[in-house]
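Before any comments, here is the structure.
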Amino acid sequence: MERKTTAGLLLLGVLSLLGLAAPLPGARAAPSPRAESAFSGVTLSEGVYFQEFHLPVDGRPVNFFVVRMQRGLPNLTLDVAVADGALAHGRDTVAGMAQAAEGRLSTWGERPWGDNHVLAAINGYYFDLESGTPWRGVVQSGWYAQRFDEVESGSGFVWTRDGRAFVGGCLYHPAGKQTVTLLASGKTLRFQGLNRPRGDDELVLYTAQYDADTGTSDDGLEVLVELRAPLGIAPSGSDAQVTGVVRAIRDHAGSTPLPYGYVVLSASGKARRQLRKSVAVGDAVGIHQEIAHFAPDCRSPNADEWGGAYAALGGDYVLLRDGQTTDDVLKAEAQRRNARTAIAYNDTSLFFVVADGWNPGISEGVTALQLARFARDVLGATDAVTEDSGGSATMWVNGKVVNNTYCNFTHNCGSEGEPGADGKYPVLQPLVGSAVLMVAVEPGEQSGTFERGEEIAARKPARLYQGPGRLYAPVETIPAGKKGVILPTLLSLGGIRAEDAYWWRVRFGDAEGWIEEAALWGGALPPRRVETSRSGGAGYTLFR
């Protein structure tokens with residue numbers, strides 16, 4: 001990481017540096033304004049390309065690593081990965097997060113939702129060194145998973161369901177626009193937090209992105225609500241709600257598990273008493289959360305709309321806005337040559353950029369201004385923002401780490417250190433809190449083997465999980481022969497394909513969760529494949 005957060009960063013280990021399956025172009029690239037049309041390199045997927053640039057920057061060599069994604073192709077999107085899949089704890093390598101996201105259920109495009117094929121990844125924003133929790137906010141796969149800080153001059157990078165990209169300015173969460181409404185009575189309750197420890201007299205919401213459970217004490221009330229759509233950010237000034245149904249009420253029962261597709265309303269003190277007298281199992285619920293957005297001066301309205309955000313995370317130096325460098329590049333730390341990571345874009349393309357540093361005579365890093373000029377004058381970007389840089393600067397492409405993470409992290413290269421016997425520095429991957437992914441979404445598939453309410457039995461000992469995939473928290477192991485039943489889901493995910501398997505939500509006795517179809521007896525129909533085109537989400541309604 002850059003800044004003082006470098007201290008104490010753990011390492012996963014040292015791996016051998018492997019090349020890409022296809023050779024990389026070795027020609028030097030000459031800067032030329034709006035040179036995007038000249039971009040060439042390894043094709044990762046239709047519309048996604050990787051290229052290295054080896055350039056002198058103010059008389060010193062720099063290696064730049066760039067992935068370009070064509071905007072507007074319906075199956076291409078960005079997403080955010082969180083270490084260990086839990087905001088509450090955990091750190092991982094960029095490679096580890098990219099690999100964990102491979103094949104996982106996506107909510108991009110029309111239903112039935114497809115699964116991720118991860119093409120490239122870079123490290124995300126700064127994070128707490130003890131917990132691994134990312135700083136600022138996180139939107140993951142359309143779920144508002146962690147609130148952004150109030151009144152930040154540059155809140156972070158945002159990618160929306162309709163393919164918009166922007167770097168946020170100042171924002172806050174209007175108290176009257178963070179609400180839970182009991183739809184039958186019309187009673188509205190305000191909530192004070194999202195995926196963070198619950199305080200006294202507070203109503204806090206928890207989703208599966210937080211952890212395996214809420215981690216709360218037994219002095220509160222927790223209401224489990226099954227949702228009809230991901231719990232995203234509503235358009236500003238609207239009354240749009242994500243709706244759901246109350247499935248369970250747990251009073252003074254302690255921590256509640258967090259299954260995928262649900263939200264837990266967790267209340268203490270006065271908020272507990274208010275919620276307890278207002279809610280019953282089976283009630284319909286609507287949840288609204290909204291962001292008020294302002295320009296970086298924190299006074300002028302900002303036209304960039306957070307409603308419908310699909311992926312978002314914090315950002316550091318805003319390098320470019322509308323083709324112009326910003327005052328951020330003049331800050332003291334920004335004027336130091338360093339390894340750096342950035343996200344850049346223009347109307348037609350989006351770029352992941354990593355510049356290596358700390359390798360004398362090979363790649364000596366860049367200032368923020370130099371990185372801004374590279375993004376604008378070589379790549380043709382109009383807007384750009386940096387993520388965590390320095391020792392965290394990492395790019396993963398096509399299954400491999402492609403940049404020199406060893407030098408970025410150790411600062412022990414050139415005359416200060418020696419490479420391995422093969423003349424190459426090893427890959428030394430830092431553990432970080434989040435990563436940004438470039439994803440090709442595979443067409444959605446669902447099985448028709450079972451129907452809701454159908455009785456089934458375990459074909460073999462098999463695990464139940466809290467979501468449709470093996471990386472969700474396990475619930476328990478079901479013994480062979482035990483009988484159960486297929487459960488419906490409000491998200492219409494029965495038989496959904498993810499991680500190379502079809503998944504069903506089931507109940508065995510008191511245990512509910514997701515199980516692989518291959519572990520079940522029963523069903524009369526062969527699996528049928530249902531595919532969907534990718535439209536960036538225009539084919540269905542998230543909010544009511």
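The salt bridge (Lys or Arg N to Asp or Glu O under 4.0 Å) test applied to R164 returns D162, not counting sequence neighbours. Every residue meeting the salt bridge (Lys or Arg N to Asp or Glu O under 4.0 Å) condition with D328, not counting sequence neighbours, appears here in chain and number order: K331. Considering only residues two or more places apart in sequence or on other chains, L490 meets the side chain to side chain contact (heavy atoms under 4.5 Å, CB included) condition with E226, R228, V245, R247. In this view, E305 satisfies the salt bridge (Lys or Arg N to Asp or Glu O under 4.0 Å) rule with no residue, not counting sequence neighbours. Partners of R196 under the salt bridge (Lys or Arg N to Asp or Glu O under 4.0 Å) rule, at least two apart in sequence or in another chain, are E202.
A distance-only check finds no donor-acceptor pair linking the side chain of R459 to the backbone of A519 [under 3.5 Å]. For the pair T107 (side chain) and L105 (backbone), a donor-acceptor distance under 3.5 Å is absent.
Classification of the F65-F50 ring pair by plane angle, with boundaries at 30° and 60°, yields parallel. Ring planes of W108 and Y310: perpendicular class, angle over 60° (limits at 30 and 60°).
For the residue pair S349 and R68, a side-chain donor N or O sits within less than 3.5 Å of a side-chain acceptor on the partner. W504 and E517 share a donor-acceptor pair across their side chains, judged by distance under 3.5 Å alone. Under the 3.5 Å distance criterion, with hydrogens and angles disregarded, no donor-acceptor pair is assigned to the side chains of N404 and S363. One side chain, N338 or W358, offers a donor N or O that lies under 3.5 Å from an acceptor on the other.
Note on E442 versus R497: no salt bridge recorded, every NZ/NE/NH1/NH2 to OD/OE distance being 4.0 Å or above.
Annotation: side chain of I291 is in contact with side chain of Y144 (closest heavy-atom distance under 4.5 Å). Inter-residue side-chain proximity for E445 and Y502 is flagged as met; some heavy-atom pair is nearer than 4.5 Å. Side-chain contact between Y206 and V263: absent, with no pair of heavy atoms (C-beta onward) separated by less than 4.5 Å. Using a 4.5 Å cut-off on side-chain heavy atoms (C-beta onward), Q429 and W396 make no contact. Side-chain contact between T394 and V354 is absent, with no heavy-atom pair separated by less than 4.5 Å.
Counting non-hydrogen atoms of other residues, nucleotides and ligands closer than 6.0 Å to CD of E46 gives a total of 12 or fewer.
The distance between the ring centers of Y406 and Y425 falls below 6.0 angstrom. For F148 and W306, the gap between ring centers is short of 6.0 Å. Side-chain rings of Y125 and F157 stay apart, their centers remaining 6.0 Å or farther from each other.
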*Could you walk me through whether D92 and V432 pass side-chain contact (heavy atoms from CB on, under 4.5 Å), step by step?*
CA-CA 5 Å; D92 198 357; V432 295; over 6 Å; no

Donor-acceptor pairs under 3.5 Å, side chain of residues 55-64 to any protein atom, not counting sequence neighbours: which ones?
unit_1	atom_1	unit_2	atom_2	d
D58	OD2	Q370	NE2	2.7
R60	NE	E364	OE1	2.8
R60	NH2	E364	OE1	3.2
N63	OD1	H54	ND1	2.9

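Remark: R104 is positioned above the aromatic ring of Y472, its terminal NZ or CZ atom under 6.0 angstrom from the ring centre and at most 45 degrees off the axis.
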